[in-house]
Structures are given as structure tokens and as C-alpha cells.
Amino acid sequence: MNLNDAVKKTKEISDQMPGKEWGIYPRFNDLVEEVGELANAIQVKEGWKTKNRAKSELIDSICDVLYSVFCIAAIYNVDLDQEYPKVLKHIDDRRKKGDFDHI
């Protein structure tokens, strides 16, 4: 599945969610919440928190973040298959120039 297919499938599923209006603000809030849960999962995985403090599993958290990002991409009609490779090239060009050597 390419990124645009993932966005399309995500939109098909998210459009069927019952209840409230699922515009950008609820989607952005969901993304923030999911990133927080990902942070918690990483802290548990790396031993900074005990397993009994886990809110969700690492893989589930990563996928939940992707779901939220794909929902936002659908709202703004972002062509991820076209745009994401540009971001990767930009980051790689910066790496080649040494922009990350301080890390």
C-alpha cells in the first residue's frame, strides 16, 4: 500500500465514525493525544516507566499516530506520495551537508 492509498483507506474508515464532527481541530487534538501515548510507550519500552504504567503498546501507538496524520492529510488533500519523498531528500541533503553532525 502506498501512502496515498493509506490516506484514502483511512478517510473511508474515518468518514464512517459516528457522532461528532471530525474536522481538523478534533483530528489535531487526537494527534496530540496519540503522540503523548507514543511517548509513554517509548518510556516504558526504554525502562523509564514500569510496564504497569503503560497506556498502550509501542506498535499500536505508532499506528495510531499514522492514522491521525493520514486523517489530517485527507482533510488538506496532501499528496503524500509526491510530497514525502521531497521531505526525505531535503533531510538527506541536510545530513550530507553535516547539519546533524552535532548530535
Side-chain angles (χ1 to χ4, degrees):
M1 179 182 302
N2 65 37
L3 293 172
N4 286 341
D5 288 343
V7 169
K8 182 180 176 185
K9 185 65 175 171
T10 300
K11 183 172 180 356
E12 289 171 5
I13 292 169
S14 68
D15 282 350
Q16 297 179 40
M17 293 292 187
K20 63 184 177 182
E21 167 76 23
W22 289 97
I24 187 59
Y25 296 110
R27 289 295 179 204
F28 181 73
N29 287 336
D30 285 345
L31 174 60
V32 170
E33 177 186 347
E34 298 302 346
V35 169
E37 289 182 16
L38 176 57
N40 173 269
I42 290 170
Q43 289 173 329
V44 170
K45 181 85 171 168
E46 295 300 319
W48 293 99
K49 289 187 175 182
T50 60
K51 289 185 185 211
N52 64 343
R53 293 182 64 197
K55 294 179 182 173
S56 64
E57 296 295 320
L58 181 68
I59 293 170
D60 293 339
S61 295
I62 290 170
C63 291
D64 288 345
V65 168
L66 285 174
Y67 175 84
S68 294
V69 168
F70 290 158
C71 285
I72 292 170
I75 289 169
Y76 290 111
N77 296 311
V78 177
D79 183 338
L80 290 179
D81 287 328
Q82 179 180 346
E83 299 303 325
Y84 190 63
K86 293 177 188 177
V87 170
L88 290 177
K89 182 181 180 329
H90 176 73
I91 291 169
D92 194 39
D93 289 346
R94 289 182 57 207
R95 178 196 57 82
K96 290 174 184 174
K97 291 189 318 188
D99 286 356
F100 303 105
D101 290 350
H102 64 284
I103 298 175

task = Say whether Ile24 and Leu66 are linked into one hydrophobic cluster, either directly or through other cluster members, by side-chain heavy-atom distances under 4.5 angstrom.
result = yes
remark   = Partner of Lys49 under side-chain contact (heavy atoms from CB on, under 4.5 Å), picked from Lys45, Glu46, Arg53, is Arg53
Euclidean distance, Lys97 NZ relative to Arg94 CZ, rounded to 0.5 Å = 7.5 Å
message = Between Asp92 and Arg95 (salt bridge meaning N to carboxylate O under 4.0 Å), is one present in this structure?
response = yes
key: SB check Asp93 Lys89 (cutoff 4.0 Å)   = yes
request  = Kindly write out the residues that satisfy side-chain contact (heavy atoms from CB on, under 4.5 Å) with Asn2, not counting sequence neighbours, or none if the list is empty.
outcome  = Asn4, Asp5, Asp81
query = Near Glu83 CD, under 6.0 Å, is it more than 12 heavy atoms from other residues, nucleotides or ligands?
reply = yes
inquiry  = Starting from Leu38, can I reach Ile59 by hopping between I/L/V/M/F/W/Y residues whose side chains sit under 4.5 Å apart?
reply    = no
key: Verify same cluster id: Phe100, Val87 (apolar side-chain graph, 4.5 Å)   = yes
request  = Give, for atom CD of Glu34 and atom NZ of Lys55, the distance between the pair rounded to the nearest 0.5 Å.
outcome  = 11.0 Å
request  = Check Ser56 against Glu37 and note the closest heavy-atom contact, atom names and distance.
outcome  = OG-OE1, 3.8 Å
Please tabulate, for side-chain N and O atoms in residues 68-77, each donor-acceptor pair with protein atoms closer than 3.5 Å (sequence neighbours left out).
| from | atom 1 | to | atom 2 | distance (Å) |
| --- | --- | --- | --- | --- |
| Ser68 | OG | Asp64 | O | 3.3 |

inquiry  = Quick check for you: to the nearest 0.5 Å, what is the distance between Lys96 atom NZ and Ile91 atom CD1?
reply    = 13.0 Å
note = Interatomic distance, CG@Asn40 vs OG@Ser61, rounded to 0.5 Å, equals 7.5 Å
task = Linking directly or through intermediates, with side-chain heavy atoms under 4.5 Å: list the remaining ILVMFWY members grouped with Tyr67, chain and number order.
result = Met17, Trp22
key: Heavy-atom side-chain proximity of Thr50 to Val44 below 4.5 angstrom   = no
task = Could you tell me the separation between the CG atom of Asp15 and the OG1 atom of Thr10, rounded to the nearest 0.5 Å?
result = 10.5 Å
task = Treating Ile, Leu, Val, Met, Phe, Trp and Tyr as nodes and any side-chain heavy-atom pair under 4.5 angstrom as an edge, say whether Val65 and Tyr25 lie in one connected cluster.
result = yes
